[in-house]
Amino acid sequence: MNDELQRTLSEIIESGSQSNPAVNALISDYAKFHAVLAMVGGCLVLIFAWLSIIFWTRFKSSPKISRLKWGFERKAYFVFGFLSSSVALFMILIVVANLTNTLNPLHGFSLLDFSFKISSGETYKDELRYAFTEWIQSGNENIPSIIQERFNKRIEFHTTKAIVSGILLILFAGLSVYIWNALVRRAKSNDSKWRFKEKACFVFGSATVVLALLMMVIVMANTQAAFAPKTLSMINLFNS
């Protein structure tokens, strides 16, 4: 086990990271890594809070079949209201957790593990690890070309993935709105019997909701990695 970098980082952090521009760059990136997720999460809190208000308002105004029996429209608004509220609350937790690391990055950064085992047959990965170690020990603010190339590739990869996932998110969200609006309109009609078409739309509508939420998570993760590539590169490099 090679824990030379771990010891070096611990010594620098204890003595004050300001004396080492390389470590300062990593800590700044670590703070940005969490700040991006806090900002994206904050936007999602507003969006899902707004959606929950809409769905709960429509739920309250939707008609009841009887005191103990709800129609499809009322059930749909209840489920979407509950889902939106749950996601909003979860996003609040995400924002709070990431704000903590944004405002006090040194504590979270010091908990990262940078020890590693020598790889068998993975000379490029070992070369990167040693280059990383030498960069930190040198304290040079200029990033070695082999490491900068790694950062640039990660930025390109995650930016592309975030854009593609964002497009898919819009498509799934739009398709979901179309399908569920059609089902609610169908439920309001006098003919309450569902045929194969309506059942298929229900299944596809449920799938689009799940896929839209999945794409949302992927967009968040890749946006975070695209804006702060150093932290994720370190985590992947020394924990794989």
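Numbers here simply count residues along the sequence, with the first being 1.
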Student: Hydrophobic side-chain clustering at under 4.5 Å (ILVMFWY, transitive links): who's grouped with L232? Put none if nobody.
Tutor: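 Taking Ile, Leu, Val, Met, Phe, Trp and Tyr as members, L232 shares its hydrophobic cluster with F33.
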
Student: In Å, rounded to the nearest 0.5 Å, how long is the span from CZ of F82 to CZ of F59?
Tutor: 12.5 Å

Student: Strictly by modelled atom types, are R154 and S233 linked by a side-chain donor-acceptor pair under 3.5 Å?
Tutor: yes

Student: Over all heavy atoms of both residues, which pair between V45 and A88 is shortest? Give the atoms and the distance, please.
Tutor: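 Nearest pair, atom of V45 first, then A88: CG2-O, 3.9 Å.
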
Student: Of all the heavy-atom pairs spanning A226 and T159, show the shortest one and how long it is.
Tutor: CB-OG1, 3.6 Å

Student: Side chains of residues 162-172: which donor-acceptor pairs under 3.5 Å do they make with residues two or more places apart or in other chains?
Tutor:
from	atom 1	to	atom 2	distance (Å)
S165	OG	K161	O	2.7

Student: Is there a side-chain contact between I218 and M215 in this structure, where contact means two heavy atoms from C-beta onward sitting under 4.5 Å apart?
Tutor: yes

Student: What is the distance from atom CD of Q137 to atom CG of N20, rounded to the nearest 0.5 Å?
Tutor: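 It is 10.0 Å, given to the nearest 0.5 Å.
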
Student: Identify whether F227 and M39 are in the same connected component of the hydrophobic contact network (ILVMFWY, side-chain heavy atoms under 4.5 Å).
Tutor: no

Student: Using every non-hydrogen atom in the two residues, find where V95 and G42 come nearest and quote the distance to one decimal.
Tutor: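 Of all heavy-atom pairs spanning V95 and G42, the closest is CG2-N, 3.4 Å.
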
Student: For E198, what residues pass the salt bridge (charged side-chain N to carboxylate O under 4.0 Å, His left out) criterion, not counting sequence neighbours?
Tutor: R186, R195

Student: Output the distance between atom OG1 (T160) and atom NE2 (H158), rounded to the nearest 0.5 Å.
Tutor: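 Output value for this atom pair is 10.5 Å.
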
Student: Looking at side-chain heavy atoms only, is the closest gap between K230 and I143 below 4.5 Å?
Tutor: yes

Student: Scan for side chain to side chain donor-acceptor pair (under 3.5 Å) pairs involving residues 80-92, sequence neighbours excluded, and state none if there are none.
Tutor: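 Passing the test, one end in residues 80-92: W56-S85.
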
Student: Could you tell me which non-hydrogen atom of C201 sits nearest to which non-hydrogen atom of I179, and how far apart they are?
Tutor: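 Shortest heavy-atom separation between C201 and I179 comes out as O-CG2, 3.2 Å.
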
Student: Should I92 and L46 be counted in the same cluster of Ile, Leu, Val, Met, Phe, Trp and Tyr side chains packed under 4.5 Å apart?
Tutor: no

Student: Applying the 4.5 Å side-chain criterion to the ILVMFWY set and letting contacts propagate, would M216 and V210 be lumped into a single cluster?
Tutor: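 Different clusters.
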
Student: When you compare the side chain of F80 with that of I54, does any pair of heavy atoms fall below 4.5 Å?
Tutor: no

Student: Will you find, in the side chains of Q148 and N152, an N or O donor that is under 3.5 Å from an N or O acceptor?
Tutor: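 Side chains of Q148 and N152: pair found under 3.5 Å.
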
Student: Looking at N142 and N140, what are the two nearest heavy atoms and their distance?
Tutor: N-OD1, 2.9 Å

Student: A131 and I146: which non-hydrogen atoms are nearest, and at how many Å?
Tutor: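 Scanning both residues completely, I find the closest heavy atoms to be CB-CG2, 3.7 Å.
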
Student: Atom CZ of F90 and atom CG of L44: how far apart are they, to the nearest 0.5 Å?
Tutor: 11.0 Å

Student: What residue pairs, at least two apart or across chains, pass side chain to side chain donor-acceptor pair (under 3.5 Å) with a residue in residues 29-53?
Tutor: D29-T231, Y30-H34, H34-N98

Student: Please confirm whether the backbone N or O of G205 pairs with a side-chain atom of W180, one donor and one acceptor, at under 3.5 Å?
Tutor: yes

Student: Given side chain to side chain contact (heavy atoms under 4.5 Å, CB included), test F55 with L83 step by step and report yes or no.
Tutor: CA-CA 10 Å; F55 288 130; L83 179 62; over 6 Å; no

Student: Checking F48 now: which residues fulfil ring-ring contact (aromatic ring centres under 6.0 Å, His included) with it, not counting sequence neighbours?
Tutor: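 F48 satisfies ring-ring contact (aromatic ring centres under 6.0 Å, His included) with no other residue.
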
Student: To the closest 0.5 Å, what do you measure between CG (L37) and CG (L99)?
Tutor: 10.0 Å

Student: May I ask whether I94 and L103 are part of the same hydrophobic cluster, defined by side-chain heavy atoms of I, L, V, M, F, W, Y residues being less than 4.5 angstrom apart, directly or through others?
Tutor: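 Looking at the clustering, L103 is in a separate group from I94.
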
Student: Give a yes or no on this: more than 12 heavy atoms of other residues, nucleotides or ligands lie within 6.0 Å of atom CZ of R58.
Tutor: no

Student: With clusters defined by side-chain heavy atoms of hydrophobic residues (ILVMFWY) lying less than 4.5 Å apart, directly or transitively, does L51 cluster with I53?
Tutor: no

Student: Find the distance between OG (S61) and OH (Y77) and round it off to the nearest 0.5 Å.
Tutor: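 S61 OG to Y77 OH: 7.5 Å, rounded to 0.5 Å.
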
